[in-house]
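Here's the structure, in structure tokens; my notes come after.
Reminder, nothing fancy here: chain letters follow the sequence lines and each chain counts from 1.
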Number of protein chains: 2
Amino acid sequence: MKEHSELGGVAPARTVTLEDVARLAGLSPMTVSRAINKPQVVRPATVARVMAAIQATGYIPNLLAGGLASRRTRLIAVVVPQINNSMFVDTVQAISDRLAARGYQMLLCVTGYSSDNEAETVNTILSRRPDGMVLTGIHHHAELRKTLLNAALPLVEIWDLTPTPLDMLVGFSHEKIGQRIGEYCLQRGYRSLGLVWAGDRRAQLRRRALAEVLQGQPGCRLQGVNAPVPTSLGAGRQGLSQLLAAGQRFDAIVCSSDTLAQGVIMEAQARGLRVPEDLAVIGFGDLAFAEHNQPAITTVAIDRLKMGELAATLLADKIEGQAPAEAVVDLGFTLRVRESG
Amino acid sequence: MKEHSELGGVAPARTVTLEDVARLAGLSPMTVSRAINKPQVVRPATVARVMAAIQATGYIPNLLAGGLASRRTRLIAVVVPQINNSMFVDTVQAISDRLAARGYQMLLCVTGYSSDNEAETVNTILSRRPDGMVLTGIHHHAELRKTLLNAALPLVEIWDLTPTPLDMLVGFSHEKIGQRIGEYCLQRGYRSLGLVWAGDRRAQLRRRALAEVLQGQPGCRLQGVNAPVPTSLGAGRQGLSQLLAAGQRFDAIVCSSDTLAQGVIMEAQARGLRVPEDLAVIGFGDLAFAEHNQPAITTVAIDRLKMGELAATLLADKIEGQAPAEAVVDLGFTLRVRESG
DNA sequence: TTGTAAGCGTTATCAG
DNA sequence: CTGATAACGCTTACAA
């Protein structure tokens, strides 16, 4: 017996509808609908009858029809550039969890870092009439901006900060982080800095701010190499190799992610350099491994889970008519000084 | 001006519908619908008129209505236990990419490892009438199985193998991997094995097979400690510490993930143990860092991207009426012998 | 508390 | 190639 032909083979008799359930229960479709969606409004005995009929028929509601009629889909679209990137994935998971608890589902859209097709992606998303949307970043093409404003959809932008979000926002300042790292380096006396950095927009923001802090300082030198996204341990190792190839000496290597930092540390150790004695290393993200690494990685922590939870909560609240007290949340960040630098 | 009130504040005039576009273009709604979905069937000049009207009105199709009428949603549901887990996330990304290229969107559902609520989750999913579904794993409650069979929905099960999938399948044999690792250990002369292992079902499958291979062998000892999912570097370090605490000596530590293996290696090095001379370490997954680690990690590679691509392709093909040649794909695996053991 | 009527915005189908 | 009509399966609004 070819078991795998048991599914998808024959066309099923006919889909069970609300009307079928109603007929079996001896009620009107409307009452069945109420028993499902607002049981408090229906007599308990009736609800029980409905539930029995649902069991008997194997009824599965059709949210397309329901959404069309009610203009509520219980769908939230989440747009991120990548998910095979430890930074975003925790936030997405948190959003998904919180959303599920509130009775919503997540339509996840991965756009890549080229924001060219972001507008088209968003249009496709909007055609599903989600109740709300989470968007990574705050820089959108004019066209997209217009579409979004026109859609008048509850929206949360994340992973960045601006006083003028489209709607709501949960993020942090990449500039301030860059500054903070720069100040920390000065304070520690790191003058000759190597940068292993990814090319994405927000990473560049941090880099520029870091560079500005060091700009005016006497004796400060700054040299960088690029790493691809998603960042990897291998790219970190290669990054340090490249930096060292020129024969220059560095006090510290600053990386745009902990993953790169881990690679830099590994490469340093492989070359017999002691971290941080011979070379300090600083990361970004405070990923799970950072504090357990040997040496533990000095880095900047973002509360990625909270970002997701807050985004989901703000969205659900707004959708359900509870205007959130604050629409712009700066999550801040924490410099976690550990062993590596 | 409170910019963030510009969105979601006022109720928009009224949603633009197909009828609005038709009126502006001087055509019937049906012709507009055709111009959008099957432009080959419509006179080019007419298509142009429609496009102009769409631009002018800012029309965004309503897929709820479209899906309700056509019984096609261009939605694929993907169910995974976790995404903050490097193993699944690559596959999900691959599915998403391939699906997007085919004109589908992904409804991502994260269930956690407790399959208790899997049935309920799937019911909620089905209420959106996806065109197809990707399900992680092959062990489903009877109720879920029935629901799925009844839905007669194109379906791909992934990450496991069985001769009797519900519909289609792309996976690999955890048993064979466990065996292979066991044989490799014997061949290398590893007799006293420590296991640092996660508790999820598929990991247990590998563990059992591994244990069976070593069972009969003289002098073989096997001791294990548990690690939580998602696995982490920290858990790997702790795992080795626990194993070593009893004072016992090990030839090799086998881990249920590369992440754990990385932690074990790090802990070993911190304790002055040389890997692999004093202690061999074996991982699973061949994550990006495995080959770049110091020492490079011996592990088992799965083609996670191909799994996702194949799943998406099989699904899209079946939905579009091209019966796939093969409905059960064993992706196999590769033991990658590197420096760590 | 329950029922009736009228959509919600598309597309399948058949006619022109 | 284009149009008219009848669903698709549910919920809103109102009536009983």
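Side-chain N/O atoms of A:Arg72 include none lying less than 4.0 angstrom from OP1 or OP2 on D:dC10.
Between A:Glu118 and A:Thr136, the shortest heavy-atom distance links the atoms OE2-O, 4.3 Å.
Counted within 6.0 Å of CD on A:Glu320, heavy atoms from surrounding residues, nucleotides or ligands total more than 12; the atom is thus considered enclosed. Surrounding CD of A:Glu143 are at most 12 heavy atoms belonging to other residues, nucleotides or ligands under 6.0 Å away.
Taking atom CZ of B:Arg71 as the reference point, atom C1' of C:dA12 lies 11 Å away to the nearest angstrom. At whole-Å resolution of the value, CG in A:Asn62 and P in D:dG9 are 7 Å apart. Atoms CG (A:Leu68) and P (C:dG9) sit 7 Å apart, rounded to a whole Å. When rounded to the nearest whole Å, the span between CD of B:Glu19 and P of C:dG9 equals 9 Å. Taking atom CD1 on B:Ile54 and atom C1' on C:dT10, their separation rounds to 14 Å, with Å as the unit. When the P atom of C:dT10 is taken as reference, atom CZ of B:Arg23 falls 12 Å away, rounded to whole Å. Note: CZ (B:Arg74) to P (C:dT11) measures 12 Å, nearest angstrom. Remark: P of C:dG9 and CG of B:Leu63 are 14 Å apart, rounded to the nearest angstrom.
Here the side chain of A:Asp20 pairs a donor or acceptor atom with the backbone of A:Thr17 at under 3.5 angstrom.
Partners of A:Thr57 by side-chain hydrogen bond (donor to acceptor under 3.5 Å, both in side chains), not counting sequence neighbours: none found.
Taking 4.0 Å as the cut-off between side-chain N and carboxylate O, A:Asp167 and A:Lys318 count as a salt-bridged pair.
Among D:dG9, C:dA12, C:dT11, the nucleotide with an atom closest to any side-chain atom of B:Asn37 is C:dT11.
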Between protein and nucleotides 1-4 of chain C, what N or O pairs are separated by less than 3.5 Å?
residue	atom	partner	partner atom	Å
C:dT2	OP1	A:Thr46	OG1	2.3
C:dT2	OP2	A:Arg43	N	3.1
C:dG3	OP2	A:Ser28	N	3.1
C:dG3	OP2	A:Ser28	OG	3.0
C:dG3	OP2	A:Thr31	OG1	2.4
C:dG3	N7	A:Arg34	NH1	3.3
C:dG3	O6	A:Arg34	NH2	2.3

